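Take a look at the structure set out below.
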Amino acid sequence: MSPLADIVRKHNINITSYADDTQLILSLTKDPSSTKTNLQDGMKDVAEWMKLSRLKLNSDKTEVLILGNTPSAWDDSWWPMALGTAPTPSDHALNLGFILDPLLTMTKQVNAVSSSCFLTLRMLRKIFRWIPADSRKTVTHALVTSRLDYGNTLYAGTTAELQKRLQRIQNASARLVLDIPRNSHISAHLRHLHWLPVNKRITFRLLTHAHKALHNKGPEYLNRRLSFYTPTRQLRSANLALATVPRIRRTTAGGKSFSYLAAKTWNSLPTNLRTTSHSGGNSRPGSSSSSNPLPLAP
């Protein structure tokens with residue numbers, strides 16, 4: 001699959017791959033006509049490469065997702081006729097187990113997680129009476145709460161109502177593990193289990209990615225989205241390890257981006273946490289010589 005990326009990048013198309021699952025990403029906001037030409041030419045070259053490699057591009061398994069709340073210029077003419085029937089834009093797409101909708105609200109994803117987790121909890125309830133508490137905690141984490149942690153950075157910026165629905169899953173899991181009444185207060189029990197509330201888990205994971213990105217220890221596509229703030233003249237803020245917060249046009253969309261939300265959340269940390277040097281990495285300008293790295297795992 002390696003040559004595939006080189007082919008599409010020649011046509012100014014961004015590409016992400018996981019094994020043989022490939023996604024092409026194009027922006028329609030700058031120059032739709034040029035984008036259309038790039039897509040057509042790029043897909044024709046892909047089709048030719050696949051033919052020479054004795055592979056087949058299955059248009060029936062190809063999905064198109066238009067992100068944004070404005071009408072798109074997409075129509076059948078965008079799709080090269082040599083590749084078969086043009087796919088109809090979908091109202092959602094599955095990406096590594098996450099359901100993405102056009103507005104990135106994560107509503108469909110939360111619906112799916114909620115349905116699956118509560119179904120699992122109902123099945124576990126039937127057998128947990130014969131299982132010790134420690135084993136119940138292990139099983140519940142493996143089958144239920146791990147789903148709340150998977151990719152939970154994508155929940156950053158979602159509505160409080162969606163995060164509250166995820167919190168209900170965690171609350172129900174804690175009550176099942178500890179065998180406590182349904183109407184009992186849950187905060188003390190979560191502390192007993194050493195479980196951070198869902199919104200705090202989301203923030204923790206976001207800050208973990210931000211810390212790695214700022215110290216160039218994360219994946220490249222995140223590293224290039226965050227940088228330390230460097231004032232044009234010498235100011236006290238130069239030694240506070242602040243992240244550069246990009247300007248955004250609309251808080252409904254730009255406010256959910258990693259580059260904005262991670263930087264804002266990072267800057268809200270106490271100074272002593274921001275200025276802690278990275279274990280095994282290069283310290284940012286003005287960092288202390290502390291040998292206690294910021295923890296990167298819960």
Side-chain angles (χ1 to χ4, degrees), residues 18-21 61 90-101 104-212 218-219 256 261 265 273 279 292-298:
Y18 183 82
D20 63 342
D21 186 6
K61 293 185 177 180
S90 175
D91 63 347
H92 69 276
L94 192 65
N95 185 9
L96 297 181
F98 246 83
I99 302 175
L100 304 179
D101 57 274
L104 299 179
T105 63
M106 298 301 166
T107 302
K108 291 182 179 292
Q109 169 66 16
V110 172
N111 290 343
V113 170
S114 179
S115 176
S116 175
C117 287
F118 278 118
L119 176 61
T120 303
L121 288 173
R122 285 195 293 270
M123 292 190 293
L124 293 178
R125 187 176 296 278
K126 299 178 181 179
I127 63 172
F128 267 18
R129 68 183 69 179
W130 297 290
I131 299 179
D134 287 344
S135 298
R136 292 201 297 265
K137 181 179 179 181
T138 300
V139 172
T140 302
H141 175 69
L143 299 180
V144 181
T145 57
S146 60
R147 296 206 61 189
L148 301 180
D149 291 334
Y150 175 68
N152 63 355
T153 307
L154 295 179
Y155 295 129
T158 56
T159 63
E161 178 57 33
L162 288 181
Q163 294 188 19
K164 189 180 297 183
R165 291 182 59 189
L166 297 174
Q167 184 62 52
R168 292 192 191 108
I169 299 173
Q170 189 187 57
N171 294 348
S173 301
R175 292 188 174 100
L176 182 60
V177 169
L178 299 176
D179 193 20
I180 56 179
R182 184 176 180 179
N183 58 352
S184 60
H185 292 288
I186 199 64
S187 299
H189 297 294
L190 292 179
R191 287 194 296 269
H192 173 72
L193 291 170
H194 300 285
W195 287 1
L196 281 173
V198 168
N199 63 330
K200 301 298 183 183
R201 297 170 87 93
I202 294 171
T203 301
F204 176 86
R205 188 59 61 185
L206 179 67
L207 288 171
T208 298
H209 288 307
H211 184 265
K212 290 181 178 181
K256 297 179 183 178
L261 196 57
T265 308
L273 283 181
S279 178
N292 297 322
L294 183 67
L296 296 180

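It should be emphasised that the depicted structure is a prediction, and the values quoted were computed from it without experimental measurement.
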Salt-bridge contact Asp149-Arg205 (side-chain N to carboxylate O under 4.0 Å): no
Backbone of Leu261 reached by a side-chain donor or acceptor of Thr265 within 3.5 Å: yes
Quick one: does any side-chain atom of Thr140 pair with a main-chain N or O of Arg136 as donor and acceptor, under 3.5 Å? yes
Less than 4.5 Å apart, side chain to side chain, heavy atoms only: is that true for Val144 and Leu124? yes
Without swapping roles, check the side chain of Ser115 against the backbone of Asn111 for a donor-acceptor pair under 3.5 Å. no
State whether the number of non-hydrogen atoms from other residues, nucleotides or ligands found under 6.0 Å of Asp134 atom CG is greater than 12. no
Nearest heavy-atom approach of Ile99 to Met106 is O-SD, 4.2 Å
May I ask you to test the His189-Trp195 pair for a side-chain heavy-atom distance under 4.5 Å? no
Looking only at heavy atoms, the pair that brings Arg175 and Ile186 closest together is CG-CD1, 3.8 Å
Less than 4.5 Å apart, side chain to side chain, heavy atoms only: is that true for Leu190 and Gln167? yes
Is a side-chain N or O of Gln170 found less than 3.5 angstrom from the main chain of Leu196, in a donor-acceptor match? yes
Heavy-atom side-chain contact between Ile169 and Leu148 under 4.5 Å: yes
Heavy-atom closest contact (Thr107 atom, Asp101 atom, distance): N-OD1, 4.0 Å
If you count heavy atoms of other groups shown closer than 6.0 angstrom to CZ of Arg125, is the number above 12? no
